[in-house]
There are 4 protein chains.
Amino acid sequence: MEARILPRNLQRQDNAPTDARQVRSRKALTGAMLALLEETPFDQVTIREITARAGTGYATFFRHYPDKEALLGDVASQEIASLLAMTLPILCSASSAETTRALCQHVAEHRTLWSALLTGGAAGILREEFIRQARDLAIGMAQPDIWLPADLAVVYATGATIDLLAWWLARMEDYPAHQIAAILDRLIIAPLLGGRADLFGKTTSN
Amino acid sequence: MEARILPRNLQRQDNAPTDARQVRSRKALTGAMLALLEETPFDQVTIREITARAGTGYATFFRHYPDKEALLGDVASQEIASLLAMTLPILCSASSAETTRALCQHVAEHRTLWSALLTGGAAGILREEFIRQARDLAIGMAQPDIWLPADLAVVYATGATIDLLAWWLARMEDYPAHQIAAILDRLIIAPLLGGRADLFGKTTSN
Amino acid sequence: MEARILPRNLQRQDNAPTDARQVRSRKALTGAMLALLEETPFDQVTIREITARAGTGYATFFRHYPDKEALLGDVASQEIASLLAMTLPILCSASSAETTRALCQHVAEHRTLWSALLTGGAAGILREEFIRQARDLAIGMAQPDIWLPADLAVVYATGATIDLLAWWLARMEDYPAHQIAAILDRLIIAPLLGGRADLFGKTTSN
Amino acid sequence: MEARILPRNLQRQDNAPTDARQVRSRKALTGAMLALLEETPFDQVTIREITARAGTGYATFFRHYPDKEALLGDVASQEIASLLAMTLPILCSASSAETTRALCQHVAEHRTLWSALLTGGAAGILREEFIRQARDLAIGMAQPDIWLPADLAVVYATGATIDLLAWWLARMEDYPAHQIAAILDRLIIAPLLGGRADLFGKTTSN
DNA sequence: CTCTAATCGAGACGGTACGTCGCGTCTTACG
DNA sequence: CGTAAGACGCGACGTACCGTCTCGATTAGAG
């Protein structure tokens, strides 16, 4: 029907406001997806379940998303967007300690949401979406002198952070947010920035 | 939680030798899985394809593995076992540079195999199996003084290494093995070992 | 046991007309079943064959019938319905000779159809459906004075007629229809009606 | 096609006595089949169930019978043989009343056995075996003058008797044996014998 | 009373059909 | 006239059973 020029992420972002019903349907679908993800691992979630929960017709799903994965991607971009506004400045900001602390705080406050997103079958897609957005942001930023390929830096930082957060989400009772933030700082951020800073104890923290 | 040293992969491996036919069937199945993974992403591989390629009956698959995932897990443990003999000593060995070099060399020599295993839907299961085996090995080793929780160290080192290798496997022409080994050393291994162990004051205790 | 007048065939027939596709699918399925029965004994007919022949999807079968048997039951009721309009009046009509003759004529004209239905594994189900419809009709008719239990009369007349027809269908070249009709009259109908008429030669024929 | 007088039951019966183990196995199998038939309809009985119940190995079944049907046929011949010694003389004996009475008595005494044999999926095979034995016996007997084809007489008498008995077995509380015997006599036997033999003019010739 | 060969149990295997489930398309009927 | 409801084609799933086969272990019956 429509002449879709742009692959699919722009479709998502610029066709929302046209019709009021479409907005409502999408919101219902993303909401239903989020709700279901907190009960069921992603790959056991059925499109029929989603539409049933969203109170919308089954075929309506396909008028908005080609796949179950596309819906998850949409959900992911929204949730990631708010989170990423904090995590990416880490790489540039002088006081990354503040930012990592804020990041962990945010995750802790939406624990069930991020547990659902970062565990189960959703992790793979979420990781991809995470990296995509991180890469987009990184392009816009002035590249500081980094001793390794810029793309690898994004992939590594994103992946390792996700792994750390996923590990933490399963044991959140045992570790406070600030401790995880410190680990994140020292284990992931510092090696990226400081050439050999870590070897000499000039870590970015304190 | 429970401390079973050899979780279940030995279960798989020590019920085989009873019947000669079972050994043959399993070998055919794992071989077929490996062959198919180099052509098709894991979640598009059909059990019927596997059995057809293996030259075995369709129902026979389920006499050995409950799932497609279980077979992948079996394949993974075998391939990982040989690889892990090199990668885990990295954490202890004085000259980790040697070991990381050997690791990257090994991966480069079996590029298509590890490309298949670390990309596509297989990555998740492989990551889990990797961590399982790494954890088993880590238990048996003398724990050096590590400034972060031992379990997190395993998860982080494994995950980050996999990410790095996966990134490399997609761009192998651009980077020689020794460079990746150096990155692995500096980006992942060094931050784990080096530094003040007591920065956070006995973090491994809950 | 329970006296449900219209057991379940009407259930089948009054939910069809809602959707035009359903009508088409059912007709295709029954047609395919009839066609296959003339080539293969019933219990060697596969649901996959039926759907392939009908040009319909495999799962579609189960959206209409729970079983292969249910489809045969549906086919049977249709074919029996047209036949039974002739055979049941035999019991009441004064000139049964006419009716039996018509019955045999009808069977002879659709020989392959009835051969398929009355031989092979289909016979059992067809017999049941035959008796069911005969019983339904018998309830509606005024019961003449019969010297044996009404239900037994139905079962006996139906079963014996089917046996006779099945026997005839395998040797149709050797016996003309009117002769079978005469046998049917004298062997099955007469003993039911005439108290002792058969002993004195006052058969219904002539 | 070929005129084998004793089709295949003698095949079965003359290879038994060689080994004592074979006798034991067969007895176990037939016993298990009979026991299972009283609990389960024939076509839901599994060969694995039979062998499990018989306490014999699974493959052993196929060393004695090619099919589940063959075993049922064997079981049937045994049970029918004892019954048929009474039912066939009905056609010749002057006092058929005595014989039918004895027949019904016998069935009543082994009610569960014959219920199992004459209802469920077993009925078809049993009917065939019944007719086969009846036909064999009829060949040996002097053919009285019968007004219809001899083979049809056998088929009709056997089938109608089985139908009557099956009907009775489901309602045995309501009708005593002697009443069924009377019905059998009047409804099935009498029409066969009585009447003008030449009503149709040498019907037995083709 | 021994020895040899047939029979047995156990169960893995290739094969085939089953009935279920979910996807994504497309038609129908209704508001 | 557009949206819900849902039937449909498709195809993979996991299960069940069949009939064949390969094993040793046992045991019957011939010598």
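We name chains A, B, ... by the order of the sequence lines, and we start the count at 1 in each one. Every heavy atom of this structure was used, including side-chain atoms; hydrogens, water molecules and symmetry mates were not. The structure displayed is predicted, hence computed values, not measured ones.
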According to a strict under-4.0 Å criterion, is [X] in side-chain N/O contact with OP1 or OP2 of [N]?
| X | N | result |
| --- | --- | --- |
| A/Thr60 | F/dT3 | no |
| A/His64 | E/dG24 | no |
| C/Ser25 | F/dA7 | no |

Give me the atom names and distance for the closest heavy-atom approach of [X] to [Y].
| X | Y | value |
| --- | --- | --- |
| A/Ala116 | A/Ala122 | O-CB, 4.1 Å |
| D/Lys68 | D/Ile50 | CG-CD1, 4.2 Å |
| D/Arg26 | D/His64 | NE-ND1, 3.1 Å |

Remember a base hit wins even if backbone is also touched, and classify [X] as base, sugar-phosphate or nothing at under 4.0 Å, heavy atoms.
| X | result |
| --- | --- |
| A/Thr56 | nothing |
| D/Gly55 | sugar-phosphate |
| B/Thr51 | nothing |

Worksheet entry | Qualifying residues under side-chain hydrogen bond (donor to acceptor under 3.5 Å, both in side chains), relative to C/Arg24, sequence neighbours excluded | none
Item to complete: Scan for side chain to side chain donor-acceptor pair (under 3.5 Å) pairs involving residues 113-127 of chain A, sequence neighbours excluded, and state none if there are none.
Response: A/Arg127-A/Asp163, A/Arg127-B/Asp163
Fill in: Residue pairs, two or more places apart or on separate chains, that pass side chain to side chain donor-acceptor pair (under 3.5 Å) and touch residues 28-49 of chain C
C/Glu39-C/Arg53
d([atom1], [X]; [atom2], [N]) in whole Å:
| X | N | atom1 | atom2 | result |
| --- | --- | --- | --- | --- |
| C/Phe42 | E/dA17 | CZ | C1' | 14 Å |
| D/Asp43 | F/dC18 | CG | P | 12 Å |
| B/Tyr65 | F/dG14 | OH | C1' | 17 Å |
| A/Arg26 | F/dT3 | CZ | P | 14 Å |
| D/Gln22 | E/dG9 | CD | P | 12 Å |
| C/Arg21 | F/dA5 | CZ | P | 15 Å |

Worksheet entry | Five-pair end axes of the helix from E/dC1-F/dG31 to E/dG31-F/dC1, angle between them (10°) |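 One end axis against the other gives 30°.
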Fill in: Test salt bridge (Lys or Arg N to Asp or Glu O under 4.0 Å) applied to D/Arg63 - qualifying residues, sequence neighbours left out
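With sequence neighbours excluded, D/Arg63 shows a salt bridge (Lys or Arg N to Asp or Glu O under 4.0 Å) to no residue whatsoever.
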Response to the item:
residues 18-56 of chain D vs ring-ring contact (aromatic ring centres under 6.0 Å, His included), sequence neighbours excluded, gives none
Discussion item. Output one letter per nucleotide in nucleotides 18-23 of chain E: B when a protein non-hydrogen atom lies under 4.0 Å from the base, S when only the sugar-phosphate is that close, - when neither is.
Written reply: BBBBBB
Discussion item. I'd like to check the side chain to side chain contact (heavy atoms under 4.5 Å, CB included) partners of B/Thr56; sequence neighbours left out, ordered by chain and number.
Written reply: B/Leu29, B/Thr51, B/Ala54, B/Thr60
